[in-house]
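Reading through the structure tokens given below for one structure.
Here the structure is a predicted model, which means the values were calculated and not measured.
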Amino acid sequence: MTNTSFKEKDMQSIIGWILRAGVFISMTVVFLGGILYIYRHGNEVPDYHTFKGVPDFVHNASGIINGIFTFRGRAIIQAGIILLIATPVVRIIFSAIGFVLEKDYLYVGITLVVLLIIFSSMLSGHAG
């Protein structure tokens, strides 16, 4: 077995672990946030005549962080969803690291282009 295939198998194992851990952690965070939300708001009677959208505090990072520290269920759920969305991005970053270790610079370039597309889409607000 060559040293390169050993690195490749290790990197594939690490990437698989990252994906599993990311999904499990985000699922746990969303579940805990849901329990907290139901505990606090489970007895409320919904008023379907008045539309109440998502509260403003879950639209920015400082509101979510503050909501987590004050144990607001919606903020914790939002944090879990952000973790779930971040999981494949972390996978791409570790793939780029793996390609650098393997000295496969074509795939490093392709991976960095994919990251650039993802980040530019996030910053611009345009998908696709």
Side-chain angles (χ1 to χ4, degrees):
M1 181 181 339
T2 64
N3 194 14
T4 304
S5 65
F6 178 72
K7 288 182 186 176
E8 183 178 336
K9 285 184 179 181
D10 283 346
M11 190 53 65
Q12 288 176 3
S13 175
I14 291 169
I15 289 171
W17 182 85
I18 288 170
L19 289 172
R20 284 189 298 274
V23 170
F24 181 75
I25 291 168
S26 64
M27 176 186 68
T28 304
V29 170
V30 169
F31 182 73
L32 293 174
I35 289 173
L36 187 59
Y37 181 79
I38 290 172
Y39 176 74
R40 288 194 175 167
H41 302 283
N43 293 328
E44 293 178 4
V45 178
D47 180 17
Y48 293 116
H49 296 290
T50 306
F51 178 73
K52 295 178 185 175
V54 179
D56 289 335
F57 70 88
V58 295
H59 287 289
N60 56 43
S62 63
I64 293 171
I65 292 169
N66 185 34
I68 291 170
F69 287 125
T70 57
F71 296 106
R72 298 181 83 171
R74 288 183 185 175
I76 295 171
I77 292 169
Q78 188 76 0
I81 292 170
I82 291 170
L83 285 172
L84 185 63
I85 293 169
T87 299
V89 175
V90 172
R91 179 209 185 273
I92 293 170
I93 292 169
F94 272 88
S95 294
I97 292 169
F99 292 137
V100 167
L101 292 175
E102 293 175 7
K103 296 180 177 51
D104 195 346
Y105 299 112
L106 174 65
Y107 284 107
V108 171
I110 292 170
T111 306
L112 292 178
V113 167
V114 169
L115 276 175
L116 180 68
I117 292 169
I118 290 171
F119 286 127
S120 65
S121 295
M122 285 178 6
L123 295 175
S124 71
H126 292 90

Problem set entry | Under 3.5 Å: donor-acceptor pair, side chain of S120, backbone of I117 |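 Yes.
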Problem set entry | S13-D10 side chain donor-acceptor pair, cut-off 3.5 Å | no
Between [X] and [Y], is there a shared hydrophobic cluster once you connect ILVMFWY residues whose side-chain heavy atoms come closer than 4.5 Å?
X    : Y   : answer
W17  : M27 : no
L101 : I93 : yes
I65  : L36 : no
L32  : V58 : no
I35  : I38 : no

For this session: Check step by step if side-chain contact (heavy atoms from CB on, under 4.5 Å) holds for L115 and V89.
Result: CA-CA 8 Å; L115 276 175; V89 175; 4.2 Å; yes
[X] to [Y] - nearest heavy-atom pair and separation:
X   : Y    : result
A79 : I64  : CB-CG2, 4.1 Å
I92 : V114 : CD1-CG1, 3.9 Å
A96 : T111 : CB-CG2, 3.6 Å
G80 : S26  : O-CB, 3.2 Å
I76 : F71  : CD1-CA, 4.2 Å
F94 : M11  : O-SD, 3.6 Å

Interatomic distance, [X] atom [atom1] to [Y] atom [atom2] [nearest 0.5 angstrom]:
X    : Y    : atom1 : atom2 : value
L83  : T28  : CG    : OG1   : 10.5 Å
L19  : I14  : CG    : CD1   : 12.5 Å
R40  : R74  : CZ    : CZ    : 12.0 Å
I15  : I97  : CD1   : CD1   : 9.0 Å
D47  : T50  : CG    : OG1   : 4.0 Å
L112 : F119 : CG    : CZ    : 10.5 Å

For this session: Answer yes or no: does atom CZ of F57 have more than 12 heavy-atom neighbours from other residues, nucleotides or ligands under 6.0 Å?
Result: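 Check passes, neighbour count above 12.
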For this session: Give a yes or no on whether N43 atom CG has more than 12 heavy-atom contacts from other residues, nucleotides or ligands under 6.0 Å away.
Result: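 No - once you tally the heavy atoms of other residues, nucleotides and ligands closer than 6.0 Å, there are 12 at most.
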Seminar exercise, completed: So the side-chain hydrogen bond (donor to acceptor under 3.5 Å, both in side chains) pairs with at least one residue in residues 57-73 (sequence neighbours excluded) are N60-S62
